Amino acid sequence: MLRDNQQFNESIKSNSAFLDELRQKMPEFFTATKYDEEGNIIESSAFDNDKFQQALKEHNIDELSSGYRLDFIGKNYAKKQAGERPTTVIVPDNDHNQKEENINSKNLFFTGDNLEVLRHLQQNYANSVDFIYIDPPYNTGSDGFVYPDKFEYSDDQLKDMFALNDDELKRLKSIQGKATHSAWLTFMYPRLYLAKKVLKDTGVIFVSIDDNEQANLKLLMDEVFGEGSFVQEISWRRTDNQPNIGQVAKVKEYILVYGKNISSLVYGRLPLSESALKEYRYEDAYAVKFRRGILLDKTRGRHSYPVKTKSGKILTGPWMVTEEKLKEMDSKGEIYWTTGGDELPYSKIYLKDNKGAIPNDFWGIEYGTNQRASLEVESLLGKRLFDFPKPTTLIKRTLNLGTKPNSIVLDFFAGSSTTADAVMQLNAEDGGNRQYIMCTLPEPTFTVNSDGKEVPTKGGEAAYKAGYRSIDEISRERIIRAANKIKEENPLLTESQDFGFKHYRVVPPTQETLEKIDYDDQLQLDLFDDMIDTFSSEKLGVAGNADGFDTILHTYLAKDNYKFDVPLQMKDFAGIQLPYVNNQRIYLIANNWRAENTRALVNAIGKNELVVQTIVVYGYTLEMESLRELEIALNQLENKVNLQVRY
């Protein structure tokens with residue numbers, strides 16, 4: 001599980017993720033992998049650059065010489081991070097998840113490092129998300145952003161990985177614990193890269209930012225998503241009042257919008273404004289609302305022909321439509337004639353046919369402001385616990401543009417969970433069933449000083465005094481209270497809407513566990529008979545009452561492309577119960593597995609009591625002899641069963 005990923009990460013280079021993506025899209029430019037008789041790789045597939053260059057020459061690419069790219073200290077390290085696998089485990093919050101309102105929910109909330117969460121989601125949510133909104137740190141120097149103060153590798157490993165000399169290593173390490181542009185870009189690159197991979201081809205991402213990193217973010221988004229995938233840059237007036245300080249009053253922020261595949265993107269429309277709705281003040285004989293459309297226009301009209309009014313007056317144009325079209329519209333009752341004064345025909349533009357307003361790139365205070373958002377959170381939680389939350393009205397507008405009623409919505413900088421609140425509100429308004437995935441750090445609201453006393457953090461005093469130990473607690477509480485408020489206001493929605501969520505913590509193993517998983521797997525595996533319990537929530541130091549089995553299973557489910565609501569049954573094999581997932585896969589996560597358990601398992605498969613394609617073995621708890629017995633017994637079956645042993 002973890003050691004396999006650690007070993008994989010050691011082999012990752014800065015271009016590994018790109019080559020892997022290229023291999024999937026254009027396998028014809030890679031040599032075949034060669035194996036020996038025992039199935040070991042003796043020569044890995046490699047990119048055939050000569051063949052690729054030849055393909056380019058056919059299109060005269062040699063004639064192109066101009067271009068530019070974004071470079072920054074730490075870029076190669078960021079690209080390496082984008083290709084690495086998770087080194088954390090997924091711990092379910094059983095206390096929360098087993099509650100009636102949550103047990104069947106498809107909404108997800110992850111507490112943990114969003115880079116690790118995105119690594120986990122690469123499997124079970126790859127190409128699955130319709131919409132992403134994020135409000136990342138703005139790197140203003142006052143928003144608490146600093147690049148993590150340590151790299152995951154030693155100096156020697158970094159030198160070897162990136163072919164660095166001492167000066168280059170020093171420059172790379174200079175971004176540690178800093179809030180520089182390079183540090184911010186190194187932080188954002190792998191997160192955006194992985195976010196793109198979970199988006200559907202029809203998906204869209206909205207990213208909030210201010211002046212400090214707007215230019216860099218635009219270049220970074222161009223690199224990750226492609227310059228041609230740019231949709232729009234929205235300027236949003238974020239404040240009700242204009243501050244009278246500094247040389248320029250800063251009243252706006254930006255939202256950059258990109259599609260995963262611009263040719264597949266279906267960009268939505270915004271709901272009509274009050275003033276626009278008032279224009280539909282007419283009704284036809286069937287009580288269908290419409291507004292008038294001009295048919296006779298001396299400036300824009302291009303067609304001249306006589307038309308007799310109801311009173312016999314002759315109008316000659318110029319008309320906006322041909323004579324044939326006008327007659328067709330009149331025969332269908334699509335012409336509205338004014339009476340009294342000048343008799344003129346107008347087309348009927350029906351409200352029912354309006355798909356909404358085309359969005360412009362300036363959104364004013366009608367879409368909400370930071371001040372109103374703070375009051376919104378305060379009304380739910382009783383105190384103003386966040387300085388600059390986003391208003392739900394703003395996020396709902398982005399959802400209008402980028403989602404459909406059954407879309408999956410991701411926000412991996414969840415903060416106060418405005419996005420989850422907005423999703424629930426929009427579902428209540430249009431009857432949709434959008435699902436959300438939230439992720440935020442368990443950022444503490446306090447620090448501990450030298451004498452062991454807890455001291456509230458800057459900006460965290462109100463939250464600490466209110467009893468919140470970390471920001472993610474506030475985020476989850478906001479969702480719960482927002483859901484209750486919507487249910488109170490819309491009692492008929494209780495049965496049809498999903499107001500719960502499943503909560504998971506993404507947690508690194510303890511140092512003791514890390515030391516154990518470094519052992520060679522040829523050692524006696526029964527030395528590690530506690531390697532299940534070591535992943536319990538108690539041993540990992542988090543709440544939730546998950547045992548080690550729960551943690552290992554959920555981590556494996558994500559790895560194997562299963563959503564967490566996948567059908568699962570517990571099957572008994574001579575006294576040991578194992579999960580049987582999606583009627584095809586068994587996870588052997590158990591202590592004290594013996595020959596009688598193997599016989600019961602293999603007999604069930606052999607007698608066709610179970611259809612099993614794959615058995616995944618948690619290798620640390622199976623003695624070598626038991627593992628060999630299982631391999632031999634499975635080989636004797638008529639139907640081939642794939643056996644995977646993981647560490």
Side-chain angles (χ1 to χ4, degrees), residues 90 92-111 117 120-121 124-125 128-134 198-200 202-204 268 376-377 380-381 390 392-393 395-412 414-440 472-506 544 550 554 557-558 562-568 582:
I90 301 173
D93 183 348
N94 287 344
D95 290 340
H96 172 90
N97 296 350
Q98 295 304 314
K99 292 180 179 178
E100 182 180 357
E101 63 270 26
N102 303 319
I103 195 166
N104 294 316
S105 178
K106 295 183 181 299
N107 298 317
L108 303 176
F109 190 107
F110 291 96
T111 296
V117 172
H120 283 292
L121 295 181
N124 59 349
Y125 277 88
S128 298
V129 173
D130 299 278
F131 173 98
I132 297 175
Y133 171 79
I134 55 171
V198 301
L199 271 179
K200 290 180 179 176
T202 54
V204 63
E376 190 175 22
V377 176
L380 284 172
L381 298 176
K390 293 295 185 287
T392 52
T393 47
I395 307 306
K396 280 162 64 179
R397 291 303 175 260
T398 65
L399 290 167
N400 282 131
L401 294 174
T403 70
K404 295 179 180 178
N406 293 311
S407 291
I408 296 177
V409 174
L410 170 63
D411 182 348
F412 51 90
S416 64
S417 281
T418 300
T419 302
D421 192 348
V423 166
M424 291 188 292
Q425 287 187 35
L426 191 57
N427 281 343
E429 291 171 14
D430 67 8
N433 192 30
R434 298 169 185 83
Q435 302 169 33
Y436 62 76
I437 305 173
M438 299 291 106
C439 174
T440 195
D472 64 298
E473 292 180 15
I474 309 172
S475 192
R476 295 196 302 278
E477 183 63 23
R478 191 253 179 97
I479 295 176
I480 293 169
R481 296 195 185 192
N484 290 335
K485 183 174 184 290
I486 295 169
K487 286 189 285 188
E488 289 171 7
E489 295 172 349
N490 305 272
L492 297 179
L493 291 174
T494 305
E495 297 299 323
S496 60
Q497 298 290 333
D498 183 354
F499 288 106
F501 63 92
K502 293 283 183 64
H503 178 217
Y504 301 93
R505 292 180 173 89
V506 174
D550 294 328
H554 281 82
L557 289 175
Y562 293 122
K563 304 288 194 295
F564 297 131
D565 60 350
V566 63
L568 183 153
N582 204 31

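Just so you know, these numbers come straight off a predicted model, no measurement behind them.
Annotation: salt bridge (Lys or Arg N to Asp or Glu O under 4.0 Å) contacts of D550 (sequence neighbours excluded): none. Annotation: side-chain hydrogen bond (donor to acceptor under 3.5 Å, both in side chains) contacts of N433 (sequence neighbours excluded): none. Scanning for side-chain hydrogen bond (donor to acceptor under 3.5 Å, both in side chains) contacts around T403 gives R434, with sequence neighbours left out. Listed by chain and residue number, L553, M570, P579, V581 satisfy the side-chain contact (heavy atoms from CB on, under 4.5 Å) test with L568 (two or more places apart in sequence, or in another chain). Evaluation of the ring-ring contact (aromatic ring centres under 6.0 Å, His included) rule for H120 yields no partner, not counting sequence neighbours. Scored by the ring-ring contact (aromatic ring centres under 6.0 Å, His included) test, H554 finds Y504, F564 as partners (sequence neighbours excluded). Annotation: side-chain hydrogen bond (donor to acceptor under 3.5 Å, both in side chains) contacts of D93 (sequence neighbours excluded): H503. Legend: residues meeting side-chain hydrogen bond (donor to acceptor under 3.5 Å, both in side chains) with Q435, ordered by chain and number and at least two apart, are absent. Take E429 and apply the salt bridge (Lys or Arg N to Asp or Glu O under 4.0 Å) test, not counting sequence neighbours, and it matches K396. Among residues two or more places apart in sequence or in another chain, the side-chain contact (heavy atoms from CB on, under 4.5 Å) test is passed with K563 by Y125, S128, D565. Residues meeting the side-chain contact (heavy atoms from CB on, under 4.5 Å) test with E477, sequence neighbours left out: L381, Y468, I480, R481. Partners of A482 under the side-chain contact (heavy atoms from CB on, under 4.5 Å) rule, at least two apart in sequence or in another chain, are L380, D421, M424.
Between atom CG of residue D472 and atom CZ of residue R505 there is a gap of 7.0 Å, rounded to the nearest 0.5 Å. Separating the CG atom in D411 from the CE atom in M438 is a distance of 5.0 Å, to the nearest 0.5 Å. Atom CG of N94 and atom CD1 of I103 lie 10.0 Å apart (nearest 0.5 Å). To the nearest 0.5 Å, atoms CD1 (I132) and CG (L199) are separated by 3.5 Å.
Side chain of S407 to backbone of K404: a donor-acceptor contact under 3.5 angstrom is found. For the pair E376 (side chain) and T392 (backbone), a donor-acceptor distance under 3.5 Å is present. For N97 (side chain) and K502 (main-chain N/O), no donor-acceptor pair under 3.5 Å exists by modelled atom type.
No side-chain heavy atom of I474 sits under 4.5 Å from any side-chain heavy atom of V377. You'll find the side chain of L426 reaches within 4.5 Å of the side chain of N400, heavy atoms only. T398 has its side chain within reach of F131: a pair of non-hydrogen atoms, C-beta onward, lies under 4.5 Å apart.
Heavy-atom minimum distance, I90 versus P92: O-CD, 3.5 Å. The shortest non-hydrogen separation linking N102 to G500 is OD1-CA, 3.3 Å.
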